[in-house]
Amino acid sequence: MQMQKMSKINYWLLKSEPEVYSIDDLKKDKKACWEGVRNYQARNFIKSMKKGDLGFFYHSNANPSGIAGIIKICKEAYPDYFAFDKKSKYYDEKSSPDNPRWFMPDVCFVKKFKNIIPLNLLKEDKNLKGMELFKKGSRLSIQPVSEKHFKYICKHYAQTQF
DNA sequence: GCCAACGTTGGC
DNA sequence: GCCAACGTTGGC
């Protein structure tokens, strides 16, 4: 029997406006730091990400908005140094290298889905009831996804097995 | 572009 | 600690 080291991975959903940074950009870059999250709840999720965790790359404010592909966490949370840069739009005077307030992971490109899975389609799916993404007014740009939902979406909408 | 929902700020 | 004012997110 094969012994496999099973450290349980977590699943996430990361929003980005494709006009700012899209799945195609990540595909080209292969790897990117996920800077600019300035919300405490989202930051706390970032801090709990583990190397090897998987996530959906979600296009927000898009046509259509929806899940565009899959990423992997390839570096765990470290200080978001854009907050230290006065010229950055993510600058925050309350964050300093000594006492950083904001963190970011590095993410790696895993897969781009053939088609974006649009939000309205996901919303209609009874198997996905309760997803954070659907909560009214939910603006969390980083959110956890259950293993069940993650795998279901991969399999059912993207013919992808994880 | 509209606007509902939410988070943050700051006066008191 | 309350809450009004304001800014932002993000679907539509």
Side-chain angles (χ1 to χ4, degrees), chain A residues 10-29 32-49 53-73 76-146 148-150 152-154 156-158 160:
Chain A
N10 289 306
Y11 301 89
W12 308 96
L13 181 144
L14 293 76
K15 295 183 187 172
S16 177
E17 301 193 19
E19 303 233 325
V20 178
Y21 196 81
S22 72
I23 186 91
D24 289 317
D25 294 321
L26 183 62
K27 187 175 183 182
K28 185 155 52 72
D29 296 342
C33 55
W34 202 267
E35 80 279 9
V37 173
R38 296 290 177 270
N39 168 286
Y40 290 105
Q41 212 182 338
R43 179 202 66 182
N44 293 342
F45 284 133
I46 283 177
K47 282 184 159 181
S48 66
M49 287 173 169
D53 283 358
L54 294 171
F56 287 132
F57 194 124
Y58 181 85
H59 282 180
S60 63
N61 258 320
N63 246 319
S65 291
I67 296 174
I70 294 174
I71 58 95
K72 182 183 278 189
I73 304 302
E76 293 176 15
Y78 59 103
D80 179 343
Y81 50 78
F82 290 79
F84 312 145
D85 178 3
K86 278 198 173 130
K87 281 179 289 216
S88 169
K89 68 167 179 166
Y90 298 124
Y91 175 67
D92 181 354
E93 58 172 7
K94 289 175 181 142
S95 188
S96 68
D98 286 345
N99 189 16
R101 175 177 290 201
W102 305 115
F103 291 80
M104 60 184 173
D106 284 350
V107 303
C108 292
F109 176 81
V110 173
K111 187 179 183 66
K112 177 188 174 180
F113 292 154
K114 274 207 188 70
N115 304 296
I116 297 232
I117 310 167
L119 176 63
N120 62 359
L121 202 65
L122 297 169
K123 266 184 177 166
E124 285 168 11
D125 193 323
K126 289 194 181 67
N127 292 301
L128 297 174
K129 256 170 100 177
M131 265 188 88
E132 173 70 32
L133 186 62
F134 309 151
K135 288 201 181 131
K136 209 174 178 184
S138 167
R139 293 162 30 179
L140 259 186
S141 62
I142 307 281
Q143 43 186 267
V145 175
S146 73
K148 188 172 136 236
H149 287 164
F150 192 93
Y152 172 79
I153 290 170
C154 289
H156 193 262
Y157 290 96
T160 301

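In the text below, chain A, chain B and the rest are named by the order of the sequence lines, each starting its count at 1.
Listed by chain and number, the residues in a side-chain hydrogen bond (donor to acceptor under 3.5 Å, both in side chains) with A:E17 are A:N61 (sequence neighbours excluded). Residues forming a side-chain hydrogen bond (donor to acceptor under 3.5 Å, both in side chains) with A:D29 (at least two apart in sequence, or on another chain): A:Y21. Here A:Y152 pairs with A:H156 under the ring pair (Phe, Tyr, Trp, His ring centres under 6.0 Å) rule; sequence neighbours left out. For A:Y40, the ring pair (Phe, Tyr, Trp, His ring centres under 6.0 Å) criterion is met by A:W102, not counting sequence neighbours. Among residues two or more places apart in sequence or in another chain, the ring pair (Phe, Tyr, Trp, His ring centres under 6.0 Å) test is passed with A:F45 by A:W12. With sequence neighbours excluded, the residues forming a side-chain hydrogen bond (donor to acceptor under 3.5 Å, both in side chains) with A:Y78 are A:D106, listed by chain and number. Scored by the disulfide (SG to SG under 2.5 Å) test, A:C33 finds no partners at all (sequence neighbours excluded). Not counting sequence neighbours, the partners of A:F57 by the ring pair (Phe, Tyr, Trp, His ring centres under 6.0 Å) test are A:W34, A:H59.
The salt bridge (Lys or Arg N to Asp or Glu O under 4.0 Å) analysis of residues 115-131 of chain A, with sequence neighbours excluded, yields no pairs.
Against DNA chain C, the stretch residues 117-138 of chain A makes heavy-atom approaches under 4.0 Å through A:L119, A:K123. Only at 4.0 angstrom or more do the heavy atoms of residues 79-89 of chain A sit from any atom of DNA chain C, so none qualifies.
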Pairwise N/O distances under 3.5 Å, protein to nucleotides 7-10 of chain B:
none

**Report entry** side chain to side chain contact (heavy atoms under 4.5 Å, CB included) evaluation trace for A:V37 with A:Y90
**Finding:** CA-CA 8 Å; A:V37 173; A:Y90 298 124; over 6 Å; no

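What separates CG of A:L140 from C1' of B:dA5 is a distance of 13 Å, to the nearest Å.
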